[in-house]
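Note that these values count all heavy atoms, side chains included, but never hydrogens, waters or copies made by symmetry. If you're wondering where the values come from, they're calculated on a predicted model, not measured in any experiment.
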Amino acid sequence: MGLHGTGYAVVPADDVGSVLDANASSQALLPREARLHGGTLVVHPDGHSYTYSYGPKGLSGLLHNYYALGCAVFVSIGGLLFGYDQGVIANVLVMKDFTERWPIGAWEKGVMTALLELGALIGALAAGVLADRVSRRKAIVLACVVFCIGSAFQCGAERLAHLVVGRAIGGLGVGALSMLAPLYMAEISPPEVRGSLMALEQFSIVLGAVLGFWTGFFTRNVPGPNSWRVPLGIQLGPGILLAVGCWFLPPSPRLLVMQGRTEEALHALAKLRLRTPDEIPTDPLLKVELLEMQVEAQLVAQTIGLEDDVKTGTLHAEALTWARLFGRKYRRRTFIGVMMMFFQQWSGINALLYYGPTLMRELGLQGESVTLVVSGGIGIVQFFAVLPAIVFIDRLGRKPLLRGGSAVMALSHFCIATLVWLYDDDWQSHWFAAWTSVGCVYIFTAAYGMSYGPIGWVLPSEVFPLSVRSKGVSLSTASNWFNNFLIGLVTPELMESSASGTFLTFSTACFVGYLWSTYIVPETANVSLEDIDAVFGSSAGREDVELKAQIERDLGLHEVIGQWSVPAGLR
């Protein structure tokens with residue numbers, strides 16, 4: 001199933017019998033492609049290597065795959081809940097009624113903010129087990145229920161302890177959703193628009209952050225506790241909507257294949273790819289994609305299956321499954337997933353979202369409204385920056401966006417650190433320097449929104465094979481939340497001790513991220529999930545490659561591709 005070769009032929013995904021007719025003309029292929037929604041299968045001269053797509057890339061590809069797009073948009077509500085909490089807490093912590101009711105210092109603010117991240121860390125790890133046992137959709141429903149319980153505690157808090165418990169419980173739900181939503185998106189997406197669909201997760205997070213921040217901004221002067229109860233209670237709505245709507249989403253075809261439910265997987269795949277029941281028996285693309293999933297599942301079972309004396313579902317079995325992530329075959333993938341989330345958080349984005357008003361005051365801006373409005377602009381800039389990433393992430397690839405974003409973010413933080421170091425004692429006399437710092441914050445935010453923001457959710461879901469994907473994504477997401485927890489905990493103290501040093505720390509992290517994305521991260525754009533091993537070179541081992549080819553022959557994939565090869569006269 002290689003991706004290289006020249007002299008290939010494009011075979012439309014339709015009843016292929018007439019394509020094999022040596023007297024057929026190449027012009028006859030065009031209307032057949034049109035009947036198949038623009039899908040193509042490219043077979044190379046060796047007769048068994050190929051590439052395929054269900055349609056174009058970019059925005060037109062998203063519209064072409066409108067059903068998968070709709071499913072991904074709906075599931076991304078999980079990201080919206082994550083972002084909303086990030087955005088709303090920045091205002092809640094400085095609201096008059098809140099601060100008068102519960103006076104808290106810098107350390108308490110850090111703990112309050114970090115509690116959700118700590119709960120989310122546990123939730124993300126637990127979701128890795130839950131996703132395989134009860135299915136992706138049911139796991140999302142359970143996560144929504146937990147999230148709504150936590151939100152109810154926060155909204156109805158009468159004591160600070162209620163708020164603390166609510167944030168911890170809500171964190172469990174948010175953490176699980178932040179792992180489950182990208183996982184589900186990856187497994188329902190056509191390969192040509194997988195990056196764009198998964199970038200919707202970051203889009204929803206940013207949208208949630210914007211909505212959360214400005215909701216809190218406009219309710220901050222409401223008399224009494226409703227100033228903070230209302231914005232905290234609003235998040236119950238999307239949580240309930242996602243829980244109810246998940247029952248109507250199609251199941252993950254890849255999970256069904258892993259469970260041996262091949263016929264159900266085929267019908268779920270056909271629904272996601274907009275094929276009618278009548279098209280299922282003769283559609284080549286469905287056959288190829290389903291066979292790829294079966295090959296992947298059998299390869300997993302034969303190479304890293306549990307020993308005969310280990311029962312599935314036991315703690316021993318779970319431990320062995322998690323241990324696979326750190327074995328020779330997958331440790332590089334695990335490292336990439338974990339470090340992707342490390343650099344995403346230590347870029348400093350959530351420090352800006354959580355403590356935007358505090359940071360803006362450090363940059364010399366005066367007045368509550370000014371600092372709140374300017375810090376709220378951070379979310380708006382990120383919101384618009386994510387839009388081009390959704391369109392171009394599959395065209396440009398992951399590495400160029402990561403490298404460019406790292407460089408711009410590192411330079412922006414360095415400029416801010418320098419300006420703060422020079423003018424921190426007298427911002428009023430250096431207003432131009434103050435606003436230059438704000439401009440650098442916005443430049444950093446735009447670069448993040450086009451790079452580390454969306455790719456942080458795309459890359460971990462791409463690099464892991466089916467058998468360890470849920471747990472690999474779970475561990476990567478746990479890395480996100482662990483580092484998120486550290487950021488939320490230490491940022492207030494760092495800013496109090498040295499604002500310049502805080503920005504210099506983030507600049508250093510972004511520079512190291514540039515080196516990492518340049519020399520370590522592979523390019524995964526436009527590579528099917530089942531063919532991702534090729535990206536990692538010999539990581540699967542020579543024996544695995546041979547075994548995979550044997551499984552392909554046993555399942556008939558080579559035979560199926562071979563019968564669709566176009567005679568030389570049609571090339």
Side-chain angles (χ1 to χ4, degrees), residues 86 90 106-107 109-110 113-114 209 339 341-367 370-382 385 402-453 456 483-518:
Q86 286 183 314
W107 176 253
K109 282 186 179 181
T113 304
M339 293 306 295
M341 292 304 196
F342 172 87
F343 287 116
Q344 188 195 63
Q345 291 307 307
W346 283 96
S347 68
I349 185 63
N350 281 333
L352 297 177
L353 291 175
Y354 292 150
Y355 306 110
T358 303
L359 292 173
M360 290 303 163
R361 282 195 292 270
E362 291 292 337
L363 294 179
L365 300 183
Q366 302 298 319
V370 173
T371 56
L372 286 174
V373 169
V374 173
S375 59
I378 294 172
I380 295 176
V381 170
Q382 191 183 173
L402 285 175
R403 295 180 64 194
S406 299
V408 174
M409 289 189 297
L411 183 60
S412 298
H413 276 314
F414 183 78
C415 290
I416 296 171
T418 302
L419 291 171
V420 171
W421 181 66
L422 292 173
Y423 304 114
D424 189 32
D425 295 332
D426 189 16
W427 284 114
Q428 295 301 314
S429 301
H430 302 89
W431 61 270
F432 182 77
W435 284 103
T436 300
S437 299
V438 174
C440 288
V441 168
Y442 285 161
I443 292 173
F444 157 81
T445 305
Y448 174 88
M450 296 182 66
S451 58
Y452 277 63
N483 289 286
N484 207 335
F485 166 75
L486 291 180
I487 291 291
L489 190 64
V490 306
T491 296
E493 290 293 330
L494 283 175
M495 291 300 298
E496 283 197 356
S497 61
S498 174
S500 177
T502 302
F503 286 104
L504 188 60
T505 299
F506 294 147
S507 177
T508 302
C510 292
F511 175 71
V512 175
Y514 172 82
L515 299 178
W516 172 77
S517 60
T518 300

Yes or no on side-chain contact (heavy atoms from CB on, under 4.5 Å) for Ile487 and Phe506, after CA distance, side-chain angles and deciding distance?
CA-CA 11 Å; Ile487 291 291; Phe506 294 147; 3.9 Å; yes
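- Here Leu504 contributes atom CG and Ile416 contributes atom CD1; the two are 11.5 Å apart, rounded to the nearest 0.5 Å.
- Taking CD from Gln345 and CG from Asn484, the interatomic distance works out to 4.0 Å, rounded to the nearest 0.5 Å.
- Interatomic distance, Tyr448 OH to Cys510 SG, rounded to the nearest 0.5 Å: 10.0 Å.
- Atom OG1 of Thr508 is separated from atom CZ of Phe503 by 13.5 Å, given to the nearest 0.5 angstrom.
- Between Tyr452 and Met409, the closest side-chain pair of non-hydrogen atoms falls below 4.5 Å.
- Taking both residues in full, the closest heavy atoms of Ala446 and Ala385 are given as O-CB, 3.4 Å, listed atom of the first, atom of the second, then distance.
- When only modelled atom types and interatomic distance are considered, Ser517 and Arg403 share no side-chain donor-acceptor pair under 3.5 Å.
- Residues Cys440 and Ser412 come closest through the heavy atom pair O-CB, 3.6 Å.
- In this structure, Phe444 and Ile349 have side chains that are in contact, with non-hydrogen atoms separated by less than 4.5 Å.
- Here the side chain of Ser500 pairs a donor or acceptor atom with the backbone of Ala417 at under 3.5 angstrom.
- Although no hydrogens or angles enter the test, the distance criterion places a donor-acceptor pair under 3.5 Å between the side chain of Ser507 and the main chain of Ala410.
- Side-chain atoms of Ser498 do not come within 3.5 Å of backbone N or O of Leu494 as any donor-acceptor pair.
- Note that the CH2 atom of Trp516 and the CZ atom of Phe511 stand 15.5 Å from one another [nearest 0.5 Å].
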Full working for side-chain contact (heavy atoms from CB on, under 4.5 Å) between Phe343 and Leu402
CA-CA 10 Å; Phe343 287 116; Leu402 285 175; over 6 Å; no
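- Within the 3.5 Å criterion, the main-chain N or O of Ser347 finds a donor-acceptor partner in the side chain of His413.
- Atom OG of Ser437 and atom CG of Leu419 lie 4.0 Å apart (nearest 0.5 Å).
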